[in-house]
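Have a look at the structure below, then the notes.
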Amino acid sequence: MKSILIIEDDHSLNKGIALTLAQNNFTIKQAWDLGTAKQIMANHKIDLIILDINLPDGSGLDYCEQVRKNSRVPVIFLTANDMESDIVTGFQLGADDYITKPFSLMVLRARVIAVLKRTDPFSEDTFVIDSLFFNFGKMEYYKRERPLLLSKSEQKLLKILVANTGIILTREQLIDNIWSKEAEFVDENALSVAIKRLRAKIEDEPTAPKYIKTVYGLGYMWAGGHQP
């Protein structure tokens, strides 16, 4: 699970960012000054920092420079300063992105995910949507931060569905990809059983699925949104 540190002295904004990012299954740490941020960094593994420039006990620019001396943790600057010189300085100090206030929380979330994908070598194997988090490379699957236990067939089924978001996959295509060489010997009911079990694990209402849709007469489709 990715851990994000928000360093922002505006309590309402800090809370708003935390609530928005928590929807994507991130672990959130909050600090309202640099002193608290340094304590958190010393005691926790942080995967990304959202950093305000103007803080009560110092400059976020100076703190970023300190962090960069021994860490490549991604940093997104968050500030009301939209002067070109501030933006250039931020990037020169090693920032990965720079967002000026006011901004949309949805845009911030998209930028956070983009930075994590760009800086994480395993990101191509991850998928995050709503309360679901899948890491196919590490074979780790979560719903509301609770691990999901998936069989090998369920993992293969989930991966091919997610990789083809919005595309209808026939039963034959799924069986061939999931069971490969054994496909011709697999009971046709095996796919229906796998779909039912997977829905029971990831859907809030398996009988009215949001993600794994049945396209009658054709096959199945992942319809729960695109990988960010």
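Nothing fancy with the numbering, it's 1 onward along the sequence.
- Using a 4.0 Å cut-off between charged side-chain N and carboxylate O, Asp130 and Lys210 make a salt bridge.
- Applying the 4.5 Å side-chain rule to ILVMFWY residues, one finds Ile168, Val215, Leu218 in the same cluster as Met221.
- A salt bridge links Arg68 to Asp96: at least one charged side-chain nitrogen sits closer than 4.0 Å to a carboxylate oxygen.
- Between the Gln39 side chain and the Thr36 main chain, no donor and acceptor come within less than 3.5 Å of each other.
- With rounding to the nearest 0.5 Å, the separation of CD1 in Ile178 from OG in Ser153 is 7.0 Å.
- Ion pairing of Asp10 with Lys15 is absent here, as no side-chain N (NZ or NE/NH1/NH2) approaches a carboxylate O to less than 4.0 Å.
- Within a 6.0 Å radius of NZ in Lys201, other residues, nucleotides and ligands contribute more than 12 heavy atoms.
- Using a distance-only test at 3.5 Å, with no hydrogens or angles considered, a donor-acceptor pair links the side chain of Arg199 to the main chain of Ile212.
- Distance alone, capped at 3.5 Å, is enough to place a donor-acceptor pair between the Glu203 side chain and the Tyr211 backbone.
- A distance of 10.5 Å separates OH in Tyr63 from CG in Asp57, rounded to the nearest 0.5 Å.
- Donor-acceptor pairing under 3.5 Å is recorded for the side chains of Arg171 and Ser192.
- Taking CD1 of Ile50 as the reference point, atom CD1 of Ile99 lies at 7.5 Å (rounded to 0.5 Å).
- At a cut-off of 3.5 Å, with distance as the only test, no side-chain donor of Arg146 or Ser131 sits close to an acceptor on the other residue.
- For Lys213 (side chain) and Pro209 (main-chain N/O), a donor-acceptor pair under 3.5 Å exists by modelled atom type.
- Of the inter-residue distances, the one linking Leu198 atom CG with Leu150 atom CG reads 6.5 Å to the nearest 0.5 angstrom.
- Using a distance-only test at 3.5 Å, with no hydrogens or angles considered, a donor-acceptor pair links the side chain of Thr20 to the main chain of Gly16.
- Between the side chain of Thr214 and the backbone N or O of Tyr216 there is no donor-acceptor pair closer than 3.5 Å.
- Within the structure, salt bridge (charged side-chain N to carboxylate O under 4.0 Å, His left out) pairs that include any residue of residues 28-42 do not occur (at least two apart or interchain).
- Between the side chain of Glu154 and the backbone N or O of Ala194, no donor-acceptor pair lies under 3.5 Å.
- Residue Gly90 comes nearest to Phe77 through the heavy atom pair CA-CE1, 3.6 Å, listed as atom of the first residue, atom of the second, then distance.
- Judged by distance alone, with hydrogens and angles left aside, the side-chain atoms of Asp97 form no donor-acceptor pair with the main-chain N or O of Val75 at under 3.5 Å.
- Ile160 and Trp222 fall within the same hydrophobic cluster, defined by Ile, Leu, Val, Met, Phe, Trp and Tyr side-chain heavy atoms under 4.5 Å apart, directly or through other members.
- In this structure, Glu8 contributes its side chain and Asp52 its backbone to no donor-acceptor pair below 3.5 Å.
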